[in-house]
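Notes for the one structure printed next.
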Amino acid sequence: MKNINLAEIFYNIADILEIKNDNFFKIRAYRKAAQTMEELAEDIEDIASRNELQNIPGIGKDLSEKINEYISTDKIRHYEELKKEVPEILLKMMSIQGVGPKKARLIYDRFKVRSIEELERLAKSHKLSGLPGFKEKSEQNILRGIELFKKRSERMLLGAALPIATQIISNLKKLREVKSISTAGSVRRMKETIRDIDILVTSDKPETVTGAFVSMPQVKEVLAQGPTKSSILTKNGLQVDLRVVDPDCYGATLLYFTGSKAHNVALRKLAKSKGWKINEYGVFRTRDKKKLAGKTEKEMYESLGLSYIPPEMGEDTGEIESARRHKIPRLLELADMRGDLHVHTDRSDGSHSLEDAVRAAIKKGYEYIAVTDHTRSLTVAGGQSIREIKKQLADIKRLNKKLKAFRILASAEVDILSDGSLDLPDDLMRQLDIVVAAIHSGFKNKKDVMTERVLRAMNNRYVHIISHPTGRLLHARDPYDIDLEKVVRAARDTKTALEINAYPERLDLNDANARFAKENGVRFAINTDMHTLDQFENMRFGVAVARRAWLTKEDVLNTLPVNKLLKTIQK
DNA sequence: GCCGTTTTCGGCCCGACTGTTTTCAGTCG
């Protein structure tokens with residue numbers, strides 16, 4: 001899988017071209033291609049082998065040649081040449097906030113800096129002040145940028161950022177001057193990781209709101225403060241941007257601030273083709289500047305002849321074309337979920353009893369859960385022996401008799417062993433209502449081995465769901481090397497559902513993979529994999545992935561009533 | 001470098017904030 005490597009190379013080429021002051025649109029073409037590579041679900045080598053690179057939007061003759069060159073030689077000559085022209089330190093300097101191509105070039109040409117530490121020394125000793133356009137404030141900004149650069153953590157998990165955003169919003173809501181308030185940006189699009197939090201407010205008194213925002217207790221530093229737009233850094237190093245607008249342009253600003261950038265660019269291009277213009281204040285006729293829309297997002301889209309596009313779809317991956325044909329699907333909603341098919345208890349590594357899990361599920365309004373404790377091979381997670389599973393089965397039967405309008409499904413998270421065989425015998429799995437299977441060991445095996453393990457598990461008629469199909473842990477463990485295309489085809493052919501695991505560190509399948517699977521006729525289960533009762537709440541993250549993958553209620557098993565569910569999963 | 005039921009050439013989204021300037025360039029989203 002060379003997708004990510006190619007994305008990185010294209011981003012670097014774009015940076016180098018920017019330093020060389022090359023054509024702005026060429027630079028953008030490289031960045032767009034890099035982003036596309038990043039988000040591609042399919043292995044770029046597979047696409048290349050079918051000779052279909054140029055079908056990818058933003059990839060033309062030239063870039064497809066470069067991709068092919070990289071696939072066959074692991075190098076791109078053009079890139080190697082460019083790297084000789086522009087020292088790597090310039091690219092590094094550009095990744096410091098406040099330093100762009102112009103400043104990087106200027107500093108490098110004058111001082112020939114070789115490291116960020118050297119740049120820091122220059123700024124501290126006021127050597128930069130001599131440069132044109134540089135004064136004391138510029139030096140301070142660079143020092144602050146370096147500080148951020150040094151301790152910059154990776155993108156934050158949505159699961160960690162969303163509570164912070166919610167907290168800030170509830171703070172600001174208390175102000176009389178705040179009329180309406182919403183998250184925007186990648187938080188609103190529910191991306192799995194986010195870089196900063198965007199918040200949008202309507203108010204007649206922007207200064208009051210902005211003033212309150214920059215003096216919240218969690219603010220460590222004010223990065224920018226204008227009448228309508230301000231940025232702060234929180235004590236835990238997260239940047240939060242606030243935009244205050246007039247209610248008349250709320251929709252326009254919400255749209256603009258939610259993005260994605262690519263989605264905005266595509267919308268503005270569409271408007272331009274009609275002789276209109278979109279900015280954060282509305283849709284305007286260019287000729288006489290007459291405002292055509294802006295109050296709500298719906299109005300914005302409709303003025304362009306489009307159906308409303310939910311934020312999670314706004315990645316410029318075909319949603320605008322769908323909206324033009326009024327074919328935007330009714331995306332899955334949290335309220336559609338009738339149960340959770342991956343629930344642990346204290347019989348393996350969960351922290352609560354089965355009874356407590358049932359109570360919590362009923363409180364959530366669910367109609368069923370599947371109890372999926374680990375099996376014997378997974379000793380680290382207290383995997384249950386065959387005997388223990390049989391006992392649990394009897395307990396579940398007894399408990400079910402007492403329950404009205406709720407059903408506990410007997411299940412297990414059966415370990416897929418190194419040769420692809422399963423950790424439970426068939427005759428026991430047959431007695432379970434539903435079986436979830438997953439890999440928990442041997443992550444380092446080669447691609448064909450990993451793929452074969454999962455394929456063999458799916459071919460078992462008692463296995464209904466493959467849990468966390470790629471095994472990744474965000475910020476901690478890469479997905480194991482697996483041929484997802486083969487897995488997806490086999491899932492469809494064997495009628496095995498793939499899980500979207502809602503654990504914020506997992507989100508596995510991810511959005512792109514889930515969309516790819518959907519397009520190939522696969523069904524899904526969205527499960528929390530909960531180990532503590534509060535983790536039931538993670539379902540919203542799984543639903544978010546599903547929405548980003550364009551899934552509807554019909555694609556997801558656990559939106560079905562229990563009897564229909566049990567019928568549907570039969571192989 | 002990409003792209004095209006107006007086009008294979010000539011376009012390519014748009015504005016806010018900052019710091020430095022006396023009207024704007026650089027950077028960011």
Side-chain angles (χ1 to χ4, degrees), chain A residues 10 13-15 17-19 21-36 53-67 78 93-107 128-129 131-142 144-145 148 184-186 189 194-200 206 210 214 222-232 239-245 249 252-253 255-284 286 304 316 320:
Chain A
F10 286 168
I13 291 179
D15 284 352
L17 294 176
E18 200 166 28
I19 289 167
N21 209 7
D22 208 318
N23 182 324
F24 171 74
F25 298 103
K26 192 203 278 190
I27 294 165
R28 208 161 69 183
Y30 272 103
R31 294 230 163 94
K32 186 171 191 297
Q35 202 191 344
T36 307
L53 287 173
Q54 292 195 41
N55 292 354
I56 304 171
I59 307 292
K61 182 170 172 291
D62 194 276
L63 288 179
S64 68
E65 277 169 14
K66 289 193 170 67
I67 293 170
H78 181 59
M93 281 159 74
M94 273 174 72
S95 61
I96 293 169
Q97 203 169 62
V99 180
K102 298 288 191 301
K103 284 182 179 165
R105 179 94 252 179
L106 207 59
I107 295 169
L128 299 179
S129 289
L131 292 169
F134 279 80
K135 280 193 162 177
E136 174 140 17
K137 192 79 191 184
S138 325
E139 289 179 329
Q140 282 171 17
N141 281 340
I142 285 176
R144 190 184 64 193
L148 282 175
S186 48
R189 299 203 314 283
I194 64 114
R195 202 177 46 78
D196 55 22
I197 292 175
D198 298 298
I199 293 171
L200 183 63
T210 304
V214 299
V222 180
L223 299 173
Q225 184 179 4
T228 65
K229 194 172 173 178
S230 43
S231 285
I232 57 115
Q239 185 175 325
V240 186
D241 298 338
L242 176 80
R243 182 85 185 226
V244 190
V245 293
C249 40
T253 314
L255 187 58
Y256 157 82
F257 229 19
T258 299
S260 66
K261 193 171 169 178
H263 180 75
N264 287 345
V265 168
L267 285 180
R268 287 171 185 197
K269 205 168 146 188
L270 178 63
K272 200 161 177 174
S273 73
K274 295 176 187 285
W276 303 341
K277 183 176 83 161
I278 299 180
N279 57 26
E280 54 261 61
Y281 304 111
V283 180
F284 297 89
T286 315
L304 295 163
D316 191 28
I320 292 175

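In this text, all values refer to a predicted model and were calculated from it rather than measured experimentally. Reckoned from all heavy atoms, side chains included, excluding hydrogens, waters and symmetry mates. All chains are named by letter (A, B, ...) in the order of the sequence lines, taking the proteins before the strands, and each is independently numbered beginning at 1.
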Can you label the angle between the A:Tyr30 ring and the A:His78 ring as parallel, tilted or perpendicular, going by 30° and 60°? parallel

Can you check the distance between B:dT20 and B:dC28, where both ends of the measurement are the P atom (answer in whole Å)? 16 Å

Scan A:Ile59 against the nucleic acid and name what it touches under 4.0 Å (heavy atoms): base, sugar-phosphate only, or nothing. sugar-phosphate

For nucleotides 5-10 of chain B, give me every protein contact, N/O to N/O, under 3.5 Å, one pair per line with atom names.
none

Do any N or O atoms from the side chain of A:Ser186 and from the backbone of A:Arg189 form a donor-acceptor pair under 3.5 angstrom? no

Rounded to the nearest angstrom, tell me the gap between atom CG in A:Leu17 and atom C1' in B:dC2. 14 Å

Does the side chain of A:Lys32 reach to within under 4.5 Å of the side chain of A:Asp316, using non-hydrogen atoms? yes

Protein-nucleotide distance (A:Phe24, atom CZ; B:dG1, atom C1'), rounded to Å: 13 Å

Sticking with atom P, work out how far B:dG26 lies from B:dT21, rounded to a whole angstrom. 13 Å

For A:Asp15, salt bridge (Lys or Arg N to Asp or Glu O under 4.0 Å) partners two or more places apart: A:Arg31

Any strand: nucleotide that pairs with B:dT8 via Watson-Crick or wobble, under 3.5 Å: none

Between B:dC2 (P) and A:Lys32 (NZ): distance, integer Å: 11 Å

Work out how far the C1' atom of B:dT8 is from that of B:dA16, and round it to whole angstrom. 37 Å

Spacing between A:Lys26 atom NZ and B:dC3 atom C1', to the nearest angstrom: 16 Å

Distance between P atoms of B:dG19 and B:dC13 (Å, rounded): 29 Å

Nearest-Å distance for atom pair CD1/P, residues A:Ile232 and B:dC17: 16 Å

Using only heavy-atom distances, determine whether the side chains of A:Gln239 and A:Asp241 contain a donor-acceptor pair under 3.5 Å. yes

Separation of B:dC13 C1' from A:Lys272 NZ (nearest whole Å): 7 Å

Rounded to the nearest 0.5 angstrom, the CG-CZ distance for A:Leu106 and A:Phe134 is 5.5 Å

Quote, to the nearest angstrom, the C1' distance that separates B:dG15 from B:dC9. 29 Å

CD of A:Gln54 versus P of B:dC3: gap in Å, rounded? 8 Å

Length of the NZ-C1' vector between A:Lys269 and B:dC3, whole Å: 7 Å

Reckon A:Asn264 has a side-chain N or O less than 4.0 Å from the OP1 or OP2 of B:dC13? no

What integer number of Å spans the P atoms of B:dT5 and B:dC12? 16 Å

So what does A:Thr228 hit on the nucleic acid, given a heavy-atom distance under 4.0 Å: a base, only sugar-phosphate, or nothing? sugar-phosphate

When the nearest nucleotide of DNA chain B is assigned to A:Pro227 and to A:Asp62 on a heavy-atom basis, which residue is associated with the more 5' position? A:Asp62

Look at A:Lys61 and B:dC3 and indicate whether a side-chain polar atom (N or O) is within less than 4.0 Å of OP1 or OP2. no

Please set out all donor-acceptor pairs under 3.5 angstrom arising from side-chain atoms of residues 264-274 of chain A, sequence neighbours excluded.
{"from": "A:Asn264", "atom 1": "ND2", "to": "A:Tyr256", "atom 2": "O", "distance (Å)": "2.9"}
{"from": "A:Ser273", "atom 1": "OG", "to": "A:Leu270", "atom 2": "O", "distance (Å)": "2.6"}

May I ask you to check whether A:Gln225 and A:Thr210 show a side-chain donor-acceptor distance below 3.5 Å? no

Specify the residue among A:Trp276 and A:Ala224 whose closest nucleotide of DNA chain B lies further upstream toward the 5′ end. A:Trp276

Under the salt bridge (Lys or Arg N to Asp or Glu O under 4.0 Å) test, residues paired with A:Lys26 that sit two or more places apart: A:Asp22

Is there a donor-acceptor pair under 3.5 Å between the side chain of A:Asn279 and the backbone N or O of A:Gly282? yes

Inter-nucleotide P distance (B:dC17, B:dT22), Å rounded: 22 Å

Mark up nucleotides 19-29 of chain B, 5' to 3', with B wherever a protein heavy atom is under 4.0 angstrom from a base atom, S wherever such an atom reaches only the sugar-phosphate, and - elsewhere. SSS----SSSB

Would you classify A:Arg28 as touching base, sugar-phosphate or nothing, given that sugar-phosphate means primed atoms plus P, OP1 and OP2, and contacts are heavy atoms under 4.0 Å? base

Distance-only donor-acceptor pairs under 3.5 Å for side chains of residues 54-63 of chain A, two or more places apart:
{"from": "A:Gln54", "atom 1": "NE2", "to": "A:Ser64", "atom 2": "OG", "distance (Å)": "3.4"}
{"from": "A:Asp62", "atom 1": "OD1", "to": "A:Lys66", "atom 2": "NZ", "distance (Å)": "2.4"}

For A:Ile27, which contact category applies under a 4.0 Å heavy-atom criterion: base, sugar-phosphate, or nothing? nothing

